[in-house]
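As structure tokens, the structure follows; a few thoughts come after it.
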4 protein chains.
Amino acid sequence: MKKNTAVLLMHCPDQRGIIRAVTDFLYENNGNIIYLDQHTDYSCDQFFMRIEWEIDSFLISREKIGEYFETLLAKKFDMVWSLHFSDQKKRMAIFVTKLSHCLYDLLYRYHSKEWKLEIPLIISNHETLKPIADQFDIPFYHFPITKDTKEAQEAKQLALLKEHDIDLIVLARYMQIVTGNFISKFPNQIINIHHSFLPAFVGSKPYHAAHTRGVKIIGATSHYVTEDLDAGPIIEQGVCSVSHKEKVSDFIRKGKDIEKIVLSNAIAKDLEHKILVFDNRTVVFD
Amino acid sequence: MKKNTAVLLMHCPDQRGIIRAVTDFLYENNGNIIYLDQHTDYSCDQFFMRIEWEIDSFLISREKIGEYFETLLAKKFDMVWSLHFSDQKKRMAIFVTKLSHCLYDLLYRYHSKEWKLEIPLIISNHETLKPIADQFDIPFYHFPITKDTKEAQEAKQLALLKEHDIDLIVLARYMQIVTGNFISKFPNQIINIHHSFLPAFVGSKPYHAAHTRGVKIIGATSHYVTEDLDAGPIIEQGVCSVSHKEKVSDFIRKGKDIEKIVLSNAIAKDLEHKILVFDNRTVVFD
Amino acid sequence: MKKNTAVLLMHCPDQRGIIRAVTDFLYENNGNIIYLDQHTDYSCDQFFMRIEWEIDSFLISREKIGEYFETLLAKKFDMVWSLHFSDQKKRMAIFVTKLSHCLYDLLYRYHSKEWKLEIPLIISNHETLKPIADQFDIPFYHFPITKDTKEAQEAKQLALLKEHDIDLIVLARYMQIVTGNFISKFPNQIINIHHSFLPAFVGSKPYHAAHTRGVKIIGATSHYVTEDLDAGPIIEQGVCSVSHKEKVSDFIRKGKDIEKIVLSNAIAKDLEHKILVFDNRTVVFD
Amino acid sequence: MKKNTAVLLMHCPDQRGIIRAVTDFLYENNGNIIYLDQHTDYSCDQFFMRIEWEIDSFLISREKIGEYFETLLAKKFDMVWSLHFSDQKKRMAIFVTKLSHCLYDLLYRYHSKEWKLEIPLIISNHETLKPIADQFDIPFYHFPITKDTKEAQEAKQLALLKEHDIDLIVLARYMQIVTGNFISKFPNQIINIHHSFLPAFVGSKPYHAAHTRGVKIIGATSHYVTEDLDAGPIIEQGVCSVSHKEKVSDFIRKGKDIEKIVLSNAIAKDLEHKILVFDNRTVVFD
């Protein structure tokens with residue numbers, strides 16, 4: 001049987017002795033490390049690490065690990081850190097509008113237990129995709145949004161997300177710009193899929209723009225949502241070749257398959273606690 | 001032995017009967033078609049075709065083919081066309097500054113006879129790469145360029161290019177913006193390699209910009225040069241994955257290998273008369 | 001509105017005048033060609049063509065096109081040909097065992113009307129995937145197969161396929177070897193997805209074999225089924241990078257996404273009548 | 001200025017405390033770690049690590065590091081290890097036959113100082129490529145080989161390699177099978193480029209075989225040479241798409257560009273001491 005593990009994600013100013021201190025802490029307390037990856041970004045002198053260890057025989061109880069780590073290590077090295085346990089599941093909300101390809105792909109992976117997560121609800125500004133939510137037995141909430149109602153509707157959405165203890169939001173081709181207030185409640189917890197190879201073709205209708213420009217490769221980008229439209233930290237990108245033979249509708253069709261893969265890969269990394277964000281860029285561990 | 005062939009590249013407003021008319025013309029005059037590819041772009045109702053046939057037993061002499069084609073077909077269908085023969089070699093000039101990777105790659109392919117072309121000269125605004133030109137025994141001309149001398153130097157370059165009957169110019173990481181006057185002398189005859197996945201990161205230092213943006217894929221783009229900087233018709237693009245582990249210098253190193261391939265593929269297509277330009281986009285036949 | 005079209009797929013020994021004769025035939029009978037792609041394989045002197053034209057104002061009635069084409073053209077050039085109409089839908093049966101990823105992907109595309117086809121039934125040697133068939137409202141037939149019952153069960157399957165007018169069979173990770181007798185009833189009409197980059201790792205457990213061999217790229221291959229196991233004409237292949245960090249289970253997980261794309265692309269090409277088979281290889285038009 | 005570093009490559013049976021012990025050893029002796037990557041292969045319970053640290057202020061002199069490491073750590077954990085210094089250059093011999101593309105690519109990278117290495121000599125069984133060696137001013141040795149002379153010629157080659165202190169051999173499309181005796185003198189020190197996507201198409205003429213099989217993707221593989229032909233540990237693989245339009249000669253032409261990249265990437269990893277071999281597979285650190 002797979003053993004219970006803890007995952008520590010951290011970053012701090014680079015200095016000598018961090019790895020040694022952390023591995024020492026785990027070793028002395030009987031933790032068996034099963035994953036360690038780290039990275040130093042010399043352009044900003046920042047050290048990043050993900051470390052995972054078996055906790056069943058760890059000498060510090062799981063409730064106390066955070067406190068001990070903060071006291072004995074994080075303070076000393078000025079770390080920003082988060083702690084996760086393998087037996088915890090993230091709770092993810094999916095936001096959609098009318099396009100079904102990403103939603104279906106996510107629900108299939110959920111349904112086939114490819115991922116360790118709960119999807120308590122789907123939110124949409126249209127009713128179009130309700131039948132799919134029904135097909136997979138997931139509650140579907142319809143929040144029609146106009147310029148005037150946006151603020152009020154977002155407030156209701158936030159209440160609903162809180163009620164369901166949501167800690168990850170996926171915008172699966174959600175055709176609404178989310179407000180700064182909303183985003184501030186979920187920092188680096190909202191993943192969007194943009195249907196272009198960012199930073200090319202920001203905004204709406206990127207496949208049309210790509211076709212007009214005559215590019216020979218199209219792409220998709222998953223990123224955490226920040227207040228700057230389509231400018232948040234990139235998690236994953238994918239591409240495919242196109243030729244003069246392909247119309248905008250072909251770009252859209254081929255792009256859907258890239259979007260699905262790129263979005264699901266980004267979510268997988270997030271669920272595995274393998275992403276760190278610093279200075280609007282991501283460290284994505286293997 | 002490989003037989004002599006003629007290649008006709010053409011485009012015209014789409015209408016019924018074009019393929020039939022052209023193939024009929026060739027058939028009736030004893031031409032054996034060995035290549036036919038065509039494309040209709042319904043967004044602009046334009047028909048594109050490349051057709052190649054053996055001319056040794058063709059009933060119309062090669063000197064007369066153009067005239068007959070113009071009279072019997074091009075006028076009728078309002079075609080823009082060009083005619084090429086397999087025993088003619090393009091004459092290509094290479095413009096460089098200080099970076100050697102593309103230059104070396106081009107000269108190697110030339111030297112190993114991968115391509116059917118002549119390279120009568122290399123032009124540079126610096127002397128840095130003269131030793132490589134010497135190594136391959138190709139005349140090297142040094143035109144230092146300042147803001148004040150640009151116009152005069154370009155005039156001299158144009159005279160030199162004319163003297164050498166140059167019909168294709170490759171900017172192999174030439175770090176100068178070529179003037180509109182210069183470009184107008186070589187419409188769709190100047191191929192540039194830009195070291196980004198256009199239209200992302202136009203201008204200088206695209207790898208630095210890509211690194212700052214935190215992209216996960218970098219690329220290179222070859223295109224015909226027009227007056228709009230980095231905005232000419234794209235011929236070919238290539239990409240490779242990058243991660244947080246890679247510094248700007250790694251982007252540059254990996255990018256060089258993409259640039260070489262993307263540039264040489266674009267040149268190969270041009271040399272084979274497989275590219276048609278319309279409305280700032282390319283049709284690139286296989 | 002999209003107009004009705006006819007598609008002619010053909011191949012014959014290469015000779016002068018084929019394109020001209022066919023385009024002439026269509027032109028003279030008021031057919032507007034909207035697609036023409038052709039290929040000559042000089043290694044076997046065989047000419048291949050796909051041509052599509054609007055038939056609403058075509059002078060020959062659709063019932064008579066085949067007869068006229070056979071009489072006026074096919075006999076003369078010794079063509080092997082097939083004729084298809086855009087308002088006809090292929091009828092596809094899906095064979096599965098226990099793995100759901102390809103099945104789901106196919107049903108999603110079917111359900112979202114990405115393709116023009118009917119899926120009247122799903123056949124399996126296990127009941128595992130019946131709930132998915134139910135979810136999409138498609139009849140599911142369970143044919144358990146042992147060495148002893150294989151022949152009898154296949155006979156029943158064939159009867160069922162006949163009854164449902166099936167003209168395309170997809171083996172979507174169907175873990176049974178189909179007999180030569182079965183295959184002979186559906187020549188080049190059975191598409192399989194093999195979970196390796198053929199011809200590497202023929203047979204079962206290719207991901208395990210790939211891991212043992214230490215490859216750095218894995219792949220998937222879709223092909224028409226012939227009597228030689230995993231040796232039929234390849235339609236499409238796809239790959240992705242792997243590293244030493246990935247276990248067999250990671251290969252399997254990543255492979256699933258490739259398999260889905262490769263299989264669905266192959267089916268799309270078949271449905272568009274863009275595949276010709278000759279000498280155990282395919283011509284796949286764009 | 002870049003500081004001098006030491007690199008330790010090691011593997012051993014997995015157990016608790018290895019990272020902590022090694023980082024502790026470096027920390028206590030004033031070593032500043034600038035790279036650490038490690039991997040545990042649970043299928044064989046083997047732990048792999050590459051660690052690099054600045055040595056200018058390291059308390060143990062470089063001559064003594066190996067001894068201390070062996071005594072204090074390697075024995076305890078049963079490690080297989082090697083130690084390298086950033087100011088040491090590998091000395092690489094290139095073996096070629098008649099094809100120039102890989103040779104040119106390697107010499108260009110050498111010449112442009114992309115790599116930290118010396119290339120004291122080129123060895124060939126034909127004189128064809130001597131002019132290229134001359135162009136780059138590298139001694140070229142001609143060893144014609146027949147079945148009868150192979151043993152004697154290899155003995156001379158080995159003497160020459162020894163005389164030049166060669167510690168890395170690259171077979172850059174060397175069309176000879178090297179004997180087991182020769183290989184045994186350079187375990188995991190001979191890198192070959194095979195022009196197929198191994199294990200598909202082992203042996204000679206893989207592009208012909210790939211064309212006959214009708215594959216849609218071709219590839220190249222770099223690997224360490226072992227006694228089993230084309231079966232040594234794979235370092236890197238690359239691929240590109242092909243279609244029915246491409247002849248064997250096109251496969252060969254496109255393949256050359258993949259071979260160059262795949263071979264040079266493998267060499268780069270070797271030169272950076274980022275490859276560990278275990279059980280006929282490689283761990284290739286980023």
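Quick note: numbers below take in every heavy atom, side chains included, and nothing from hydrogens, waters or symmetry partners. A quick note: this is a predicted structure, and the numbers were derived from the prediction, not measured.
Heavy-atom contacts from other residues, nucleotides or ligands closer than 6.0 Å to NZ of Lys76(B) number 12 or fewer. Counting non-hydrogen atoms of neighbouring residues, nucleotides and ligands closer than 6.0 angstrom, the OH atom of Tyr35(B) exceeds 12 such neighbours.
Salt bridge Asp250(C)/Lys245(C): absent, no basic N to carboxylate O contact under 4.0 Å.
If you measure heavy-atom distances from Asn30(C) to chain B, the contacts under 4.5 Å come from both the backbone and the side chain. Contact annotation for Glu54(C): neither backbone nor side-chain heavy atoms come within less than 4.5 Å of a heavy atom of chain B. Contacts between Tyr42(C) and chain B at a heavy-atom distance below 4.5 Å involve the side chain alone, from C-beta outward. When heavy atoms are compared at a cutoff of 4.5 Å, Ile18(B) does not approach chain C at all.
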For the pair Tyr110(C) and Trp115(C), evaluate ring pair (Phe, Tyr, Trp, His ring centres under 6.0 Å) and give the outcome as yes or no after the intermediate values.
CA-CA 6 Å; Tyr110(C) 176 48; Trp115(C) 291 333; 8.7 Å; no
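Ranked by heavy-atom pairs under 4.5 Å with chain C, the first of Leu36(B), Asp286(B), Leu26(B), Thr40(B) is Leu36(B). Looking only at heavy-atom pairs under 4.5 Å with chain C, the residue among Ile19(B), Asp14(B), Ile33(B) that has the most is Ile19(B). Chain B forms the most heavy-atom pairs under 4.5 Å with one residue out of Gln15(C), Glu28(C), His39(C), and that residue is Glu28(C). Considering only heavy-atom pairs separated by less than 4.5 Å from chain C, the leading option among Ile34(B), Asp37(B), Val22(B) is Ile34(B).
Ring pair His273(C)/His84(C) is parallel by interplanar angle, where below 30° counts as parallel and above 60° as perpendicular.
The one candidate from His195(C), His244(C), His208(C), His211(C) that meets the ring pair (Phe, Tyr, Trp, His ring centres under 6.0 Å) condition with Phe251(C) is His211(C).
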